[in-house]
Amino acid sequence: MPRHTSRSALNVRNATLQDIPGIVALSGKVYPVMGAYSESEIQGQLINFPEGQVVVEYEGEVVGYAASFIIDEAAALSPHTWDAITGNGYASRHNPKGDWLYGMEICVDPDRRRLRIGQRLYDARRELAERMELKGIVFGGRMPHWKRRRKQYSTPRAYLAAVMAQEVADPVIRFQTRMGFEPIGVLKAYLPSDRESGGYATHMVWRNPYAIEQTKSESAPPGSKDVVRVATVQFQQRRVSSFEEFIGNIEYFVSVTSDYRSDFVVFPELFTLQLLALEETRLTHAQSIERLTEYTPRFVEEMRQMAISYNINIIGGSHPTRTDDGDIQNVAYVFLRDGSVHAQEKIHPTPSERHWWNIKGGDQIGTIQTDCGPVGILICYDSEFPELARKLADEGAKIFFVPFCTDNRQGYMRVRYCSQARAIENQCYVVMSGNVGNLPGVENMDIQYAKSCILTPCDFNFARDGIAEECSENVETVSIADLDLTDLDWARQEGTVRNLRDRRFDLYAIRWKR
């Protein structure tokens with residue numbers, strides 16, 4: 001008889017970034033009242049702990065999703081809220097050295113209930129805990145049937161006790177206990193948006209019978225190194241006689257930093273204004289910015305080829321670009337060595353950019369996935385708005401690149417101090433790159449001031465002053481530093497201060513409106 005082969009109709013696997021739209025759609029279907037997850041939140045979960053995010057795919061469609069992360073025992077077993085322990089849904093409190101797997105979400109397509117999707121997700125989560133030799137799994141479980149029985153059981157604890165005594169049936173709690181979980185209490189104000197549960201949750205625990213008790217040092221050093229080499233170019237503005245000469249100047253620095261085996265090289269904001277020196281007559285502000293936008297396709301293609309040829313990721317400063325809606329925006333292009341090109345628009349144009357060049361602000365910001373992990377771009381003035389950096393950090397970025405363009409010391413110090421603050425409050429690295437020199441006859445590019453640098457958090461594992469490297473003031477040069485990402489993991493979990501971990505999730509959060 002002939003042998004037939006076919007693809008599996010149902011597949012349980014780790015989630016990927018390509019699954020994000022499907023997961024968002026699924027969560028919206030499951031939670032029509034409480035609301036769907038945002039793409040930003042799902043991305044944060046995937047970046048912070050990719051092994052803990054699982055999907056069930058049925059005939060090519062995402063029909064189940066489980067989100068988990070690792071947490072220390074003290075946090076896992078003490079009273080908490082969903083926002084506080086999950087980092088407002090980003091899994092940003094993931095602790096690689098923790099003891100417990102925390103189940104922050106399981107959602108199942110209501111139209112696929114008969115496929116035992118929930119059971120498959122619980123099994124996958126349990127297998128992960130066993131494989132990682134964790135003490136067990138903990139989560140806050142819904143108790144939606146309590147609302148309809150509040151007259152009979154005035155408190156959630158009384159209702160839970162009645163369910164466990166089998167005086168009343170609750171399908172959610174019954175399913176979770178059948179999966180091997182036991183309630184150790186009730187979590188108050190766990191998820192206020194869950195009105196059916198009155199905001200309460202059962203504090204559920206499964207203890208791993210194969211767990212090996214270990215004593216962990218609170219001051220244990222970071223594990224194996226995971227180093228990223230970055231280079232910042234302090235770029236001299238000078239007259240050029242052709243587009244080819246301009247590209248040649250850039251290629252020189254790309255070549256040099258590639259020879260040093262750098263993973264990233266960063267150029268300043270608006271460094272392409274050098275191209276205006278090619279104009280035979282002096283242009284007005286509006287004419288200048290319009291002329292620059294004409295170079296966009298050629299500039300992007302030359303830089304893309306350079307990133308591939310020199311095997312280096314290039315943060316291409318920023319360049320004025322006319323977008324699809326007709327506006328001119330200040331856009332940072334990121335050219336990855338795999339040939340892909342990404343764009344990040346400046347969210348906050350400065351007053352002079354708005355007045356003289358009519359540059360409009362963008363409306364989206366997110367991490368860019370690279371072969372060194374997700375990174376964030378904050379163009380100059382954007383670094384002075386902490387909400388943007390916090391959103392990028394929650395999405396998993398550990399390195400922020402800040403291309404800047406400042407004409408005097410005061411302007412530079414604003415960007416510098418704010419960038420240092422972003423490094424401290426998000427326990428991340430910040431790489432700044434600025435212009436020096438001048439371009440006589442080019443509007444808004446008369447003089448420049450810069451002291452480009454590579455900044456770190458301020459703690460024992462880092463440079464004493466929080467400065468890994470720093471360029472000499474107002475000269476064209478390059479600074480290069482090795483950034484150890486595991487040092488950031490140590491700082492976030494065991495540092496002298498733990499800014500990301502110690503946020504008051506019960507009081508505030510960053511919510512992106514779009």
Do [X] and [Y] have a side chain donor and acceptor closer than 3.5 Å?
{"X": "Thr81", "Y": "Asp83", "value": "no"}
{"X": "Gln305", "Y": "Glu301", "value": "yes"}
{"X": "Tyr58", "Y": "Asp109", "value": "no"}
{"X": "Tyr333", "Y": "Thr321", "value": "yes"}
{"X": "Ser40", "Y": "Glu395", "value": "yes"}
{"X": "Asp489", "Y": "Thr486", "value": "no"}

Has [X] got a side-chain atom pairing as donor or acceptor with [Y]'s backbone, closer than 3.5 angstrom?
{"X": "Asn313", "Y": "Phe264", "result": "no"}
{"X": "Asp482", "Y": "Val227", "result": "no"}
{"X": "Asp263", "Y": "Arg229", "result": "yes"}
{"X": "Trp146", "Y": "Tyr153", "result": "yes"}
{"X": "Tyr429", "Y": "Asp484", "result": "yes"}
{"X": "Asp19", "Y": "Thr16", "result": "yes"}
{"X": "Arg492", "Y": "Asn426", "result": "yes"}
{"X": "Arg125", "Y": "Ala67", "result": "yes"}
{"X": "Gln420", "Y": "Thr456", "result": "yes"}
{"X": "Thr323", "Y": "Asp327", "result": "yes"}

Hey, could you give me the [atom1]/[atom2] distance between [X] and [Y], rounded to the nearest 0.5 Å?
{"X": "Asp72", "Y": "Gln493", "atom1": "CG", "atom2": "CD", "value": "7.5 Å"}
{"X": "Trp490", "Y": "Arg498", "atom1": "CH2", "atom2": "CZ", "value": "9.0 Å"}
{"X": "Glu41", "Y": "Ser27", "atom1": "CD", "atom2": "OG", "value": "8.5 Å"}
{"X": "Leu378", "Y": "Ile365", "atom1": "CG", "atom2": "CD1", "value": "5.0 Å"}
{"X": "Ser92", "Y": "Gln45", "atom1": "OG", "atom2": "CD", "value": "10.0 Å"}
{"X": "Tyr90", "Y": "Leu500", "atom1": "OH", "atom2": "CG", "value": "12.5 Å"}

| said: Applying side-chain contact (heavy atoms from CB on, under 4.5 Å) to Tyr190 and His203, what does each step give before you reach the verdict? | reply: CA-CA 10 Å; Tyr190 181 74; His203 197 173; over 6 Å; no
| said: Can you tell me how the ring of Tyr37 sits relative to the ring of Trp82, calling it parallel under 30°, perpendicular over 60° and tilted otherwise? | reply: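 Tyr37 and Trp82: tilted rings.
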| query | Which word best sums up how the rings of His94 and Phe49 line up, parallel for under 30°, tilted for 30 to 60°, or perpendicular for over 60°? | reply |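 His94 and Phe49: parallel rings.
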| Does atom CZ of Arg322 have more than 12 heavy-atom neighbours from other groups under 6.0 Å away? |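 Yes, enclosed.
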| query | Got more than 12 heavy atoms from elsewhere within 6.0 Å of CZ, Arg150? | reply |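 For Arg150, atom CZ is not crowded (no more than 12 foreign heavy atoms under 6.0 Å).
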Mind listing the closest non-hydrogen atom pair of [X] and [Y] along with its distance?
{"X": "Ile377", "Y": "Ala332", "value": "CG2-CB, 3.8 Å"}
{"X": "Ile347", "Y": "Asp363", "value": "CD1-N, 4.1 Å"}
{"X": "Ala491", "Y": "Gln427", "value": "O-NE2, 3.0 Å"}
{"X": "Pro457", "Y": "Phe462", "value": "O-CB, 3.4 Å"}
{"X": "Val228", "Y": "Cys372", "value": "CG2-CB, 3.9 Å"}

May I ask you to decide whether [X] forms a salt bridge with [Y], counting only side-chain N to carboxylate O separations under 4.0 Å?
{"X": "Asp325", "Y": "Lys360", "value": "no"}
{"X": "Lys398", "Y": "Asp226", "value": "no"}
{"X": "Glu51", "Y": "Arg131", "value": "no"}

| message | Show, in sequence, the C-alpha distance, side-chain angles and deciding distance for Asp111 and Lys29, and conclude whether the salt bridge (charged side-chain N to carboxylate O under 4.0 Å, His left out) test is met. | response | CA-CA 10 Å; Asp111 297 332; Lys29 186 176 183 179; 2.7 Å; yes
| field | Non-hydrogen side-chain atoms of Val230 and Val266 separated by less than 4.5 Å | value |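 Not touching, per the 4.5 Å side-chain cut-off.
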| said: Going by ring pair (Phe, Tyr, Trp, His ring centres under 6.0 Å), name the residues that satisfy it together with His319, two or more places apart in sequence or in a different chain. | reply: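 Listed in chain order: Phe299.
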Would you mind writing out the side-chain donor-acceptor pairs for residues 172-189 within the sub-3.5 Å range, not counting sequence neighbours?
residue: Thr177; atom: OG1; partner: Ile173; partner atom: O; Å: 3.1
residue: Thr177; atom: OG1; partner: Arg174; partner atom: O; Å: 2.9

| query | After noting the C-alpha distance and the side-chain angles of Arg126 and Asp123, does the key distance pass the salt bridge (charged side-chain N to carboxylate O under 4.0 Å, His left out) rule? | reply | CA-CA 5 Å; Arg126 185 164 53 243; Asp123 289 345; 2.6 Å; yes
